[in-house]
Amino acid sequence: MASSWLPRWFYQLASPRWCYSITGKLIPWFAAIGGLLFVIGLVWGLAFAPSDYQQGNSFRIIYLHVPTAILAQSFYMLMAIAGAIGLIWKMKVADMVAKSVAPLGAALAVLALATGAIWGKPTWGSWWVWDARLTSMLVLLFLYLGVMALNSAIESETTAAKSTAVLALVGLVNIPIIKYSVEWWNTLHQPATFKITEKPAMPAEMWMPLLVMVIALYLVFGLAMMLRLRNEILTRERRAGWVKELLGS
Amino acid sequence: MAQALLTAQSLFCERDDRILFDQLQLTVSEGEIWQVEGRNGSGKTTLLSILCGLSSHYEGELYWRGEPMDEVREQFLSELLYIGHQTGVSAMLTAEENLHWQCALHPSLDASRAQQALESVGLKGFEDVPAHQLSAGQKRRIALAKLYMSRAKLWILDEPFTAIDKIGVAAKEALMVEHIRAGGSVIMTTHQDLSAEIPLHTINVEHFASSQREWS
Amino acid sequence: MAFETFADFLNMGGHGLYVWLSYGLGLLTIALCLYLPIIQGRETRRSLRRRIQRESVKS
Amino acid sequence: MSSTLQLFKQTFRRDLTLAFRRKSELVNPLIFFLIVASLFPIGVSPEPNFLSQLAPGLVWVAALLATLLSMETLFKSDYEDGSLEQLLLSPQPVFLVVLSKVLAHWLLSGLALTLVAPLLGVMLFLPSEGMPGLMLSLLLGTPTLSLIGAIGAALTVGLRRGGVLISLLVLPLYIPVLIFGSSAVQAAVTGLPLDGYLALLGAMLALALALAPIAAGAALRISVSG
């Protein structure tokens, strides 16, 4: 860690202790703001947003489906980048972040798939459709499951972290290729279906609650990630003086 | 004054919640043979694999000829001969084929001496027998033949004498003495008692097992 | 308000099953994602505390 | 530089020799390929029209699984006998040795599968117009499969039960190759131009050639270190 061009917080972040205390301070804020926005977005989306002229009220699933899909993807990116930082700078906290993110990402992908499938029933008349978005989300879930399986198969914590980081990075390179190929494959096989979410221009009263939900879920899952991260820090740093002090009293 | 080849500073390693060693210092200079001591499971093999750069499960610094290891790794590898617990001999290849590939991997091995080396370890006539048809001792001798071909400065040998008879051990000892006279050095672990004539430095891993380390 | 009555709201224009199923699943998942690390954290703290006590008795 | 090239050649020759000495590993993927492809007519329907529609995808799925099956052994014996340690302690670049090993492996799995594929095509009533598409797409696609598989093999080499795990890691990454490979065959059957698909398969191969050996090399280092 010789290079000095990185900002100071980056190095502070490398310290599990600092990370533990800063997340402890952030958690109440994330919980309060995330919870508030979540309730606002939920009520707004479910009760106040106008219904879609084509799909009716089943359209309201968008306020859950789209945010979870976005989050599932950005969590994968977060996992891969954290893994890369762990590999390059040997930063323990980055490894822990990557490990705590994976199950949440998988849960998000499952949720995105489930809501997509439920939405598909009234829209397309069947629970599952090999639509481009759903298919690439399914592959993303597979990628998450692979990372988690590899992580749990390797006993040594540090080896597991490094191996999963390599796998996550390989997956990250592949995601755009998978997305492109699936989209292309989809247009080849089912040319005439209308897309589940892509509307030419969504009116503001429709996309505003969506935006609120996206931010709310970022905060809520950020909160979940911090909770997991703190557990991970405690377990991995169990012999550190500060942990003993913290728990000993 | 002999030049320091490999220097390890404040090495720390833990496995499975157990500290194998901490604050371990070691300087191996030209013309020295170091024997790493310790009971089974005390971390001898781990230390050797850290020293040769196979394992990255450690904290601390390594230097090769005074330079940080990360910066001169390639140089270090080109001057290193390592024979591990697993000897790197493929069972489905003959002795000759095995050595041939090893020579391609390690330019410090002199391929033209392969025949002679195999003869020296007593494998003359077995050159083209697949290794899986040989005994354990013979298989190990294929790996040990590399000692006769090596131009490397530093030899790191993990239990090289397992399944080797007394005469064989004596021959390798003589070879090591010759190697250090020429300015090389050796780091090894062994259960066998080496002959008293060898100038031996020892380091016991267990002496570093108790740690006052404050976990950060 | 996009709905006249509360019954309308529950019915969602005939798509109530799908909408409420989605949101039910969503809430369940979110709750689990928050609840599991919390109880796991409690467990971790408890076992670590025990461990620290053991060690302090020993030394 | 010449010593590097020498190492590439030596490794290649060594791995071919090893493969020919372990005959079963050589033919197992091919037999597997044949069996999987014949499961579909038995399990689904032997009706020629139906099969000829499924054939492009079936042959590709079978080829993909057969490659995957053969992947596990790529580094296994080298790991067990310590050759991998020696490889990682070479002053030569590791990715080159990996590339050489993958090339040798591909010759005996991917290329062999490509050559056997027409037989399967006939068994599954693939129209004869589709044959060139099948061969060409496999020729360009299977090296990518081998390269990606090498990463999975390198990540799981230190694990006792890596078999199922490697499929879990690698299969999702195979999906783009499967899509473009089977589409190329489909296009060939319907008489559409192939070059677009082949170009895409080629692009993926180029990317895999550039990145996979490095990733696999890093993964090997991690696996051996652990």
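Within every chain, numbering begins at 1; the chains are lettered A, B, ... in the order of the sequence lines, protein sequences first and strands thereafter. Model, not experiment: these values are computed from the prediction.
Contact tally against chain C (heavy-atom pairs below 4.5 Å) for A:L46, A:L227, A:L234, A:V243: the top residue is A:L46. Heavy-atom pairs under 4.5 Å with chain A were tallied for C:L32, C:I30, C:N11; the largest tally goes to C:I30.
Along residues 100-112 of chain A, the residues that come nearer than 4.5 angstrom to chain C, judged on non-hydrogen atoms, are A:L104, A:A107, A:L111 in order of number. Residues of residues 217-224 of chain A lying within less than 4.5 angstrom of chain C, judged on heavy atoms, are A:L217, A:V220, A:F221, A:L223, A:A224 in numerical order.
Heavy atoms closer than 4.5 Å to chain C are found in both the backbone and the side chain of A:Y63. Contacts between C:L27 and chain A at a heavy-atom distance below 4.5 Å involve the side chain alone, from C-beta outward. Only the backbone of A:A49 comes within contact range of chain C, with heavy atoms under 4.5 Å apart. Interface residue C:L25: backbone and side-chain heavy atoms are both found under 4.5 Å from chain A. Using a 4.5 Å cut-off between heavy atoms, C:Y18 touches chain A through backbone and side chain atoms alike.
A:T123 contributes atom OG1, which lies 7.5 Å from atom NE2 of C:H15 (distance to the nearest 0.5 angstrom). Between the CD1 atom in A:I61 and the OG atom in C:S22 there is a gap of 3.5 Å [rounded to 0.5 Å]. To the nearest 0.5 Å, atoms CD1 (C:I38) and CZ (A:R228) are separated by 11.5 Å. Put simply, CZ on A:R238 and CD1 on C:I52 are 11.5 Å apart, with the number rounded to the nearest 0.5 Å. The structure places CD of A:E237 at 11.5 Å from CG of C:L48, a figure rounded to the nearest 0.5 Å.
A donor-acceptor distance shorter than 3.5 angstrom exists from the side chain of C:R49 to the backbone of A:L247, with no hydrogens or angles considered.
Counting non-hydrogen atoms of neighbouring residues, nucleotides and ligands closer than 6.0 angstrom, the CD atom of C:E43 exceeds 12 such neighbours. A 6.0 Å sphere centred on CH2 of A:W128 holds more than 12 heavy atoms belonging to other residues, nucleotides or ligands.
Taking every heavy atom of both residues into account, A:S58 and C:V19 meet most closely at CA-CG2, 3.8 Å.
Counting only heavy atoms from C-beta outward, the side chains of A:R239 and C:R51 approach each other to under 4.5 Å.
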